[in-house]
Amino acid sequence: MTNKKVALIASSGGLETAYKVLNIATAAAALDAEVAIFFTFEGLSIIHKDSEQLLQLKPGNEGLAEGFKRANVPSIQELMNIAKESGVRLIGCQMTIDVMGLQQEHFIDGVELGGAATFLDFAFDAQVSLNF
């Protein structure tokens, strides 16, 4: 069992944020760290079933799409599958989900719903904590 833990908070939306969060999460998991991502507010779009339509590049960053293809960067869906297969915990913020009128069925398989305390219980022992 590993003693390395990485706690990530995804509170922003957009394709750029999704790549940042999932890149760090999958890299940490590949280095045998336990990883949990807490998705809240706009970050919930990353785990939404309609994420392909919801996640857009910010204005002025449209050229990144070609760069991602040229560099053979996996898609968000592929990175999400890698994260799930690697045991990354995907925690949707229950409070934000309630406020936004969403339900468990709005999210991809493998997402657990939990409050801040659920995430903090994991994060208290994390060596790395990042917010995106």
Side-chain angles (χ1 to χ4, degrees):
M1 180 102 175
T2 180
N3 62 354
K4 296 182 283 187
K5 286 188 170 186
V6 176
L8 306 172
I9 299 173
S11 60
S12 300
L15 199 56
E16 297 90 339
T17 298
Y19 271 113
K20 292 174 205 174
V21 169
L22 293 173
N23 184 46
I24 295 292
T26 56
L31 295 171
D32 294 323
E34 289 181 67
V35 182
I37 309 170
F38 188 67
F39 297 90
T40 188
F41 291 97
E42 290 83 9
L44 288 169
S45 62
I46 299 168
I47 55 171
H48 197 281
K49 283 184 177 174
D50 296 330
S51 65
E52 287 187 45
Q53 291 78 35
L54 296 172
L55 297 174
Q56 302 297 318
L57 289 167
K58 291 184 175 86
N61 283 350
E62 295 85 1
L64 290 177
E66 184 56 39
F68 287 137
K69 287 179 189 168
R70 195 173 47 253
N72 292 318
V73 175
S75 69
I76 293 301
Q77 185 176 16
E78 290 168 322
L79 285 171
M80 187 62 74
N81 288 336
I82 292 167
K84 290 193 298 187
E85 290 167 8
S86 301
V88 173
R89 284 181 69 190
L90 308 173
I91 305 168
C93 176
Q94 184 70 62
M95 180 201 71
T96 309
I97 290 168
D98 291 346
V99 166
M100 297 174 111
L102 298 170
Q103 303 291 328
Q104 175 86 42
E105 56 266 15
H106 290 108
F107 301 101
I108 61 172
D109 290 339
V111 171
E112 64 181 280
L113 303 186
T118 300
F119 175 71
L120 288 170
D121 187 50
F122 177 89
F124 283 139
D125 298 323
Q127 288 76 29
V128 177
S129 297
L130 300 169
N131 181 35
F132 295 95

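Heavy atoms only: backbone and side chains are in, while hydrogens, waters and symmetry mates are out.
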Enquirer: In terms of hydrophobic clusters joined by side-chain contacts under 4.5 Å, are Leu54 and Leu15 together?
Expert: no

Enquirer: What heavy-atom pair brings Leu44 and Gly92 nearest, and what distance separates the two atoms?
Expert: CD2-CA, 4.1 Å

Enquirer: Indicate yes or no for a side-chain donor-acceptor contact from Lys49 to the backbone of Glu105 under 3.5 Å, with no hydrogens or angles considered.
Expert: yes

Enquirer: Give a yes or no on this: more than 12 heavy atoms of other residues, nucleotides or ligands lie within 6.0 Å of atom CD of Gln104.
Expert: yes

Enquirer: Closer than 3.5 angstrom, by distance alone: can the side chain of Thr17 be matched with the main-chain N or O of Gly13 as a donor-acceptor pair?
Expert: yes

Enquirer: How far apart are the C-alpha atoms of Asn81 and Gln77, what are their side-chain angles, what is the distance that settles it, and do they pass the side-chain hydrogen bond (donor to acceptor under 3.5 Å, both in side chains) test?
Expert: CA-CA 6 Å; Asn81 288 336; Gln77 185 176 16; 5.6 Å; no

Enquirer: Near Phe68 CZ, under 6.0 Å, is it more than 12 heavy atoms from other residues, nucleotides or ligands?
Expert: yes

Enquirer: Is a donor on one side and an acceptor on the other found under 3.5 Å between the side chain of Lys84 and the backbone of Leu90?
Expert: no

Enquirer: If you compare all heavy atoms of Ile108 against all heavy atoms of His48, which two are closest, and at what distance to 0.1 Å?
Expert: CG2-O, 4.0 Å

Enquirer: Considering only heavy atoms from C-beta outward, does the side chain of Ser86 approach that of Thr26 to under 4.5 Å?
Expert: no

Enquirer: Give a yes or no on whether Val111 and Leu22 share a hydrophobic cluster (residues Ile, Leu, Val, Met, Phe, Trp, Tyr; joining criterion: side-chain heavy atoms under 4.5 Å apart).
Expert: yes

Enquirer: If I take atom CD from residue Glu16 and atom CD from residue Gln56, how far apart are they, to the nearest 0.5 angstrom?
Expert: 10.0 Å

Enquirer: Using only atom types and a distance under 3.5 Å, with no angle test, would you say the side chain of Glu34 pairs donor to acceptor with the backbone of Gly87?
Expert: no

Enquirer: I need the Met80 CE to Asp109 CG distance, nearest 0.5 Å.
Expert: 11.5 Å

Enquirer: Please check if Val128 and Val35 belong to a single hydrophobic cluster, counting links between Ile, Leu, Val, Met, Phe, Trp and Tyr side chain heavy atoms closer than 4.5 Å.
Expert: yes

Enquirer: So, Glu62 side chain and Gly60 main chain: donor-acceptor pair closer than 3.5 Å or not?
Expert: yes

Enquirer: Hey, could you give me the CZ/CZ distance between Arg89 and Phe38, rounded to the nearest 0.5 Å?
Expert: 11.0 Å

Enquirer: Check Ala7 against Ala123 and note the closest heavy-atom contact, atom names and distance.
Expert: CB-CB, 3.7 Å

Enquirer: Once rounded to the nearest 0.5 Å, what's the spacing between atom CD1 of Ile37 and atom CZ of Phe122?
Expert: 10.0 Å

Enquirer: Where is the tightest heavy-atom contact between Val88 and Ala25, given as atom of each residue plus distance?
Expert: CG2-O, 4.1 Å

Enquirer: Hey, mind stepping through His106 and Ile97 against side-chain contact (heavy atoms from CB on, under 4.5 Å) and telling me if it holds?
Expert: CA-CA 10 Å; His106 290 108; Ile97 290 168; over 6 Å; no

Enquirer: Do Leu55 and Tyr19 share a hydrophobic cluster, counting only Ile, Leu, Val, Met, Phe, Trp and Tyr and linking them when any side-chain heavy atoms are less than 4.5 Å apart?
Expert: yes

Enquirer: Using the ring centroid of each side chain, check whether Phe107 and Phe39 are separated by less than 6.0 Å.
Expert: no

Enquirer: For Ala33 and Val6, which heavy atoms make the closest approach, and how far apart are they?
Expert: CB-CG2, 4.1 Å

